[in-house]
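Data block below; observations after.
Everything quoted here is computed from the prediction, not taken from an experiment. Computed from heavy atoms alone, side chains included, the values below leave out hydrogens, waters and symmetry copies.
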Amino acid sequence: MDGAFPDCVNQVALWEFKCYYYTTTFGSKISDAVYIADLDGYERADAEGQTGMPIQLTLFIDAYSTWMEQGKSYLCRIVDLLQRGAIDNLIVGAEVETEIPQIVEEWRAALTDRDG
C-alpha cells in the first residue's frame, strides 16, 4: 500500500498509486500492478473481516501511453477489480485533481462516524 488514512492502524482508507511513465519495458511490471491491486483488495477484505470496520480502497493510475495504448487488456482487468469490489475507487489521470478532495471528505466523514 502507498498510504492509509488516518494512519496504518485502524485505517478507514487505503490507497495505491500505479503510474508508469516512459517505461522501456512493459509486460511484467503492468501485470504486477493488476495482481498487486487484487491482493490489496484481498488483504483489505481480510482486515475488514477481522475488525468489523469498513476500509475504503482507492487505486490511482496514470500514464496514458501505458494504460490506453500499450495496456488496454490490463486496464480491463483493473476495471474488473472495480466491478467485483476488490477496489472501491479507480481514479485515472487528471481526475486526481477533482476526486481526491471529495474522497478525503468521505474518509473524514467515515472516521467521524466510526469514532463517534
Problem - Validation row: V92, W67 side chains within 4.5 angstrom (heavy atoms) - result: no
Exercise for the section: Measure the shortest side-chain to side-chain distance between L59 and N89 over non-hydrogen atoms and say whether it is less than 4.5 angstrom. Expected result: no
Practice task
Would you indicate whether the side-chain heavy atoms of E43 and D46 approach each other to under 4.5 Å?
Solution key: no
Practice task
Any salt bridge (Lys or Arg N to Asp or Glu O under 4.0 Å) involving residues 73-86? Give me the pairs, sequence neighbours left out, ordered by first then second residue.
Solution key: D38-R84, D80-R84
Handout entry: Side chain E48, main chain I55, donor-acceptor under 3.5 Å
Key = yes
Exercise for the section: Report yes or no: do Q11 and D7 form a side-chain donor-acceptor pair below 3.5 Å? Expected result: no
Completion exercise
Correct closest heavy-atom pair for L57 and A86 would be CD2-O, 3.3 Å
Practice task
Check the hydrophobic clustering (I, L, V, M, F, W, Y; side-chain heavy atoms under 4.5 Å; chains of links allowed) and say if I36 and L39 are grouped together.
Solution key: no
Problem - Exercise: identify the closest heavy-atom pair between P6 and N10 - result: CD-O, 4.2 Å
Problem - Connected via hydrophobic side-chain network under 4.5 Å: M68 and F17 - result: no
Exercise for the section: Decide whether V104 and V12 are clustered together by the hydrophobic rule: side chain heavy atoms of Ile, Leu, Val, Met, Phe, Trp, Tyr closer than 4.5 Å, transitively. Expected result: yes
Fill in the blank from the handout: Nearest heavy-atom approach of K18 to A33 is CD-CB, 3.7 Å
Exercise for the section: Of all the heavy-atom pairs spanning G93 and D62, show the shortest one and how long it is. Expected result: CA-OD1, 3.4 Å
Practice task
Please tell me if the side chains of L75 and I61 come closer than 4.5 Å, counting only heavy atoms from C-beta onward.
Solution key: yes
Exercise for the section: Kindly give the heavy-atom pair with the smallest separation between Y74 and V34, and that separation in Å. Expected result: O-CG2, 3.8 Å
Exercise for the section: Inspect the surroundings of CD in E105 and state if more than 12 heavy atoms from other residues, nucleotides or ligands are less than 6.0 Å away. Expected result: yes
Handout entry: N-O pairing of R44 and D88 below 4.0 Å
Key = yes
Handout entry: Hydrophobic cluster membership, V79 vs W15, 4.5 Å side-chain cutoff
Key = no
Problem - Min side-chain heavy-atom separation V96-F60 under 4.5 Å - result: yes
Practice task
For residues L14 and D2, determine if any side-chain heavy atom of one lies less than 4.5 Å from a side-chain heavy atom of the other.
Solution key: no
Practice task
Under the side chain to side chain contact (heavy atoms under 4.5 Å, CB included) rule, what do I87 and T58 come out as? Steps first, then yes or no, please.
Solution key: CA-CA 6 Å; I87 59 176; T58 301; over 6 Å; no
Practice task
Report yes or no: do W107 and L111 belong to one cluster of Ile/Leu/Val/Met/Phe/Trp/Tyr joined by side chain heavy-atom distances under 4.5 Å?
Solution key: yes
Problem - Residues R108 and E106 bridged, charged N to O under 4.0 Å - result: no
